[in-house]
Structures are given as C-alpha cells and as structure tokens.
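Worksheet: the structure to be examined is printed underneath.
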Amino acid sequence: MTLEETLRQIQPLDKQAIDAAWKHWDSIAKPLRSLGKLEQVVVQAAGIQRTPKVDLTRKALIVLCADNGVVEEGVTQTGQEVTAQVAENFLQEKATAGILCRKTGADIFPVDMGIYRDTCIRNCKIAYGTKNMAKEPAMTREQAIQGIETGIMLALEKKKEGYQLLATGEMGIGNTTTSSAMASVLLHREPEEVTGRGAGLSTAGLNKKVETIKKAVAMHKPDPEDPIDVLAKVGGFDIAGMIGVYLGGAAAHMPVVIDGFISCVAALTAMRICSTAGDYMIASHVSKEPAAVMLLDAIGKEAFLTCDMCLGEGSGAVALFPLLDMGLEVYRKMATFEENDIETYVPLD
C-alpha cells in the first residue's frame, strides 16, 4: 500500500467502543478509575479495535535495523559493524529485546532496512546505509518514502498474520545522531538541547556530535513543515521504517507501542504526516535522553514507565507488555458491582 493510500485509511477511534469500554470499567467492583492509565489504555485499545472486547494476546516487536553514514564523523563510540552483529543476535535471542520478548510471550521480527552489509535477517534494504549527512543529504526523498512504505507493509503484514499489538524498535549505530538532528528541526530546538551521549560518548565526543548536527542542519536546511524532507536530509532508514509501522498500524486499526527517544522521533514524524495516527500510539517509557520529555509532550503522550532506560531495540516497549496484560486481565475477569451485590460507585463532585 502506498503512503497516500495508507493515509486515506486512517480513521478516528470508534467512540461507541470507547464509551462501552468505560461503561464496563465503571461497572467493575472497585473504586472508579482507580487503575489510572491501565484503564485508559484498555479504553484506547477498544477505540482502536472498534470493539469493547479488547484482545491484545498476540504481540509483535518489529525492530528496524540500519546503518548511518554520519558515523564517518566520529560521533559514535563503536563502529557500524556492531549494527549487523546485534541485528543478527535478535534471531538467536542474544540481544536484550529478544530476551525480553521471550519472557513476555511476544514475537520479535528484526528487519534490515539498510545495514552496511548483507545479513541473515529479513532483507528490506533501501541501501547499504545512508549517506553522511554532514556532507550530503542522508537519503533521497524517494528513498525516504520507500522506507516509510516498507514499514507500512510490515505493519499490514502482521495484521494479516493475526497480531493484535505492535511495538517499534531500532538498531543502528549513529542513530541517536540522526534522531537528535530530526528532533532539533521538528521541535525548533538547538542541537545542544536535544542531543545526548547515546551509547556513552565522552564530553568531547558529545561536542563533536552536536557540531556535526549543526553542520548538517545548516547545510541542508530541512523544512520543519515537511516531515519527509526532514527525514530525507538528516534521518535514517530505521526511522523511516518506524514511521511506516505507526502509519500502517493506524490504517490497520492496531495499537503501536512507542519505545524510547529514537522511536519517539519517528512517532512525532508520523503524527506530523497524519495527526490522527497519534491516537493509535501508546507511550511506554521516558528515555534518559535529553529530548525524551520534549518529544512526549510534542506527541501528547504520558509514558507508563520511568526507568532511566536508553537502550533502544524496543526494550522499553516490550517492558510495558506485562502491565497491559494485567490491565486487560482485570477488565475481563473482575466481577461487577451487580455480581457482588455491592452498591455501584458514582462519581462525586
């Protein structure tokens, strides 16, 4: 499905299903709204799935993997060879996200969006890494759209396979540099405000990273009113794929869990393309990266978890899965006031 076709498929949440879900929550024999965000997320899922009979049993983490030409500038602690190594480890459950998926009963699907060499994971490669954004645009506009449409395809594919909940993850050395550059433009913030140490840069390394972002933004002048232009000039193929997963999930009436900083940049970009897509997103945690709270504010989401995580891979998104399961378990199985012969609680002024 093309990007344009996908955008036409994205609809507002179903209000009748939302009202019915709230009615059921309020009939359960406990203090009204006492489970807070656990109640809210079930109601959101009802609106997304268009039924108060919410089912999130089958969960999939899609990890978009790609390399970034900007690593040539010395903005990372490790070389780009690590991207391929970790990406292939997902299949063997040797990477963090793979271990967490196994523990939570979710399936993990790593996808090669643009790793610098061929790998044994699924090949949806746009190119063998982006260009160095400090010298030229990271990708063409056509490649940016191709990356988004690949993510859309992956989301729609999981829907057809029977999955009910998606989460986004990423792997790509240098992608905190690309995501910081995009955040700087989209949030109208200086690079110093939104750029962190990533996987553990020294102060000198952080300064180099900030200067590289400044150089790239000044050189290419990405248009903050054109999110695809921002993606093409200073983004990455992994971010493009995540944007597509958010849009494809919305078109397929599937909730999509946002991971951390990089995932939030993709979520914001998807919302700038189609604001209604934000109704289908669930924020998992507050990343330790400097721009994390700014991004959550921009997309209008409150995260469930504050764990100082900044690993990526979808690790924070998967950590939310057990909480979602617990909320749904109460929603489905707890007795109502009527069944317990208890006077129904009513809202107080």
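This one's a predicted model, so the numbers in the text were calculated from it and none came from an experiment.
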Flag, side chain of E88 to backbone of Q85, donor-acceptor distance under 3.5 Å: no
Contacts of type salt bridge (charged side-chain N to carboxylate O under 4.0 Å, His left out), residue E302, not counting sequence neighbours: K37
Closest non-hydrogen atom pair between V54 and R332, with its separation: O-NH2, 3.0 Å
Side chains of L323 and V41 in contact at under 4.5 Å (non-hydrogen atoms): no
Interatomic spacing from CD1 in I228 to CD1 in I145 - rounded to 0.5 Å: 4.5 Å
CA sep, side-chain torsions, deciding dist, call: E161, K158, salt bridge (charged side-chain N to carboxylate O under 4.0 Å, His left out): CA-CA 5 Å; E161 292 172 2; K158 294 306 162 205; 3.0 Å; yes
Residue list, ring pair (Phe, Tyr, Trp, His ring centres under 6.0 Å) with F109, at least two apart or on another chain: Y163
Any pair counted as ring-ring contact (aromatic ring centres under 6.0 Å, His included), so long as it reaches residues 243-262, sequence neighbours left out: none
Flag side-chain contact, heavy atom, 4.5 Å: T306 against H285: no
Set of residues satisfying salt bridge (charged side-chain N to carboxylate O under 4.0 Å, His left out) with respect to K30, sequence neighbours excluded: E39
Evaluation steps, side-chain contact (heavy atoms from CB on, under 4.5 Å), between I213 and T195: CA-CA 9 Å; I213 292 170; T195 306; 3.6 Å; yes
Between D67 and T83, a side-chain donor and acceptor under 3.5 Å: yes
Residues that K221 engages under salt bridge (charged side-chain N to carboxylate O under 4.0 Å, His left out), provided they are two or more places apart: none
Student check: side-chain heavy atoms of C264 and I262 closer than 4.5 Å: no
Which atom of P191 lies closest to which atom of V210, heavy atoms considered: CB-CG1, 4.1 Å
Single-linkage hydrophobic cluster, 4.5 Å side-chain cutoff, M113 and V86 together: yes
When the side chains of residues 12-22 are checked against the rest of the protein, which donor-acceptor pairs come out under 3.5 Å, sequence neighbours left out?
{"unit_1": "D14", "atom_1": "OD1", "unit_2": "Q16", "atom_2": "N", "d": "3.2"}
{"unit_1": "D14", "atom_1": "OD1", "unit_2": "A17", "atom_2": "N", "d": "2.7"}
{"unit_1": "K15", "atom_1": "NZ", "unit_2": "D19", "atom_2": "OD2", "d": "2.9"}

Using residues 147-155 as the side-chain source, report each donor-acceptor pair under 3.5 Å to any protein atom, sequence neighbours left out, with the distance given to one decimal.
{"unit_1": "E149", "atom_1": "OE2", "unit_2": "L3", "atom_2": "N", "d": "2.9"}
{"unit_1": "T150", "atom_1": "OG1", "unit_2": "Q146", "atom_2": "O", "d": "2.8"}

Distance, nearest 0.5 Å, that separates CG of D55 from CZ of R58: 10.5 Å
Spatial distance of atom CE (M271) from atom CD1 (I243) [nearest 0.5 Å]: 13.0 Å
Inter-residue atom distance S263.OG - I258.CD1, 0.5 Å rounding: 6.0 Å
Residues in ring pair (Phe, Tyr, Trp, His ring centres under 6.0 Å) contact with H24, at least two apart in sequence or another chain: Y331
Spacing of CG belonging to D26 relative to CZ belonging to R33, to within rounding of 0.5 Å: 4.0 Å
Distance-minimising heavy-atom pair for V70 and G174: CG1-O, 4.2 Å
Distance-only donor-acceptor hits, side chain of residues 231-242, under 3.5 Å, sequence neighbours excluded:
{"unit_1": "K233", "atom_1": "NZ", "unit_2": "H220", "atom_2": "O", "d": "3.1"}
{"unit_1": "K233", "atom_1": "NZ", "unit_2": "D229", "atom_2": "OD1", "d": "3.3"}
{"unit_1": "K233", "atom_1": "NZ", "unit_2": "D229", "atom_2": "OD2", "d": "3.3"}
{"unit_1": "D238", "atom_1": "OD2", "unit_2": "N175", "atom_2": "ND2", "d": "3.0"}

Partner set under salt bridge (charged side-chain N to carboxylate O under 4.0 Å, His left out) for E136, not counting sequence neighbours: none
Closest non-hydrogen atom pair, M171 against V82: CE-O, 4.1 Å
For residues 125-133, run the donor-acceptor check on the side chains, cut-off 3.5 Å, and write out each pair with its distance to 0.1 Å, sequence neighbours left out.
{"unit_1": "K125", "atom_1": "NZ", "unit_2": "D112", "atom_2": "OD1", "d": "3.2"}
{"unit_1": "K125", "atom_1": "NZ", "unit_2": "D112", "atom_2": "OD2", "d": "2.6"}
{"unit_1": "K125", "atom_1": "NZ", "unit_2": "I115", "atom_2": "O", "d": "2.8"}
{"unit_1": "K125", "atom_1": "NZ", "unit_2": "R117", "atom_2": "O", "d": "3.1"}
{"unit_1": "Y128", "atom_1": "OH", "unit_2": "D118", "atom_2": "OD1", "d": "2.8"}
{"unit_1": "T130", "atom_1": "OG1", "unit_2": "G69", "atom_2": "N", "d": "3.1"}
{"unit_1": "N132", "atom_1": "OD1", "unit_2": "A134", "atom_2": "N", "d": "2.9"}
{"unit_1": "N132", "atom_1": "ND2", "unit_2": "E72", "atom_2": "OE1", "d": "3.1"}
{"unit_1": "N132", "atom_1": "ND2", "unit_2": "E73", "atom_2": "OE2", "d": "2.6"}

Distance, nearest 0.5 Å, that separates CG of D308 from CD of E289: 11.5 Å
Result block: side-chain N/O donor-acceptor pairs under 3.5 angstrom for residues 182-190, not counting sequence neighbours:
{"unit_1": "S184", "atom_1": "OG", "unit_2": "R189", "atom_2": "O", "d": "2.6"}
{"unit_1": "R189", "atom_1": "NH1", "unit_2": "E193", "atom_2": "OE1", "d": "3.0"}

Chi angles and distances behind the salt bridge (charged side-chain N to carboxylate O under 4.0 Å, His left out) call for E93, K103: CA-CA 11 Å; E93 294 185 345; K103 182 65 177 178; over 6 Å; no
Student check: side-chain heavy atoms of L38 and V330 closer than 4.5 Å: no
Minimum heavy-atom distance V286-A292, with the two atoms named: CG1-CB, 4.3 Å
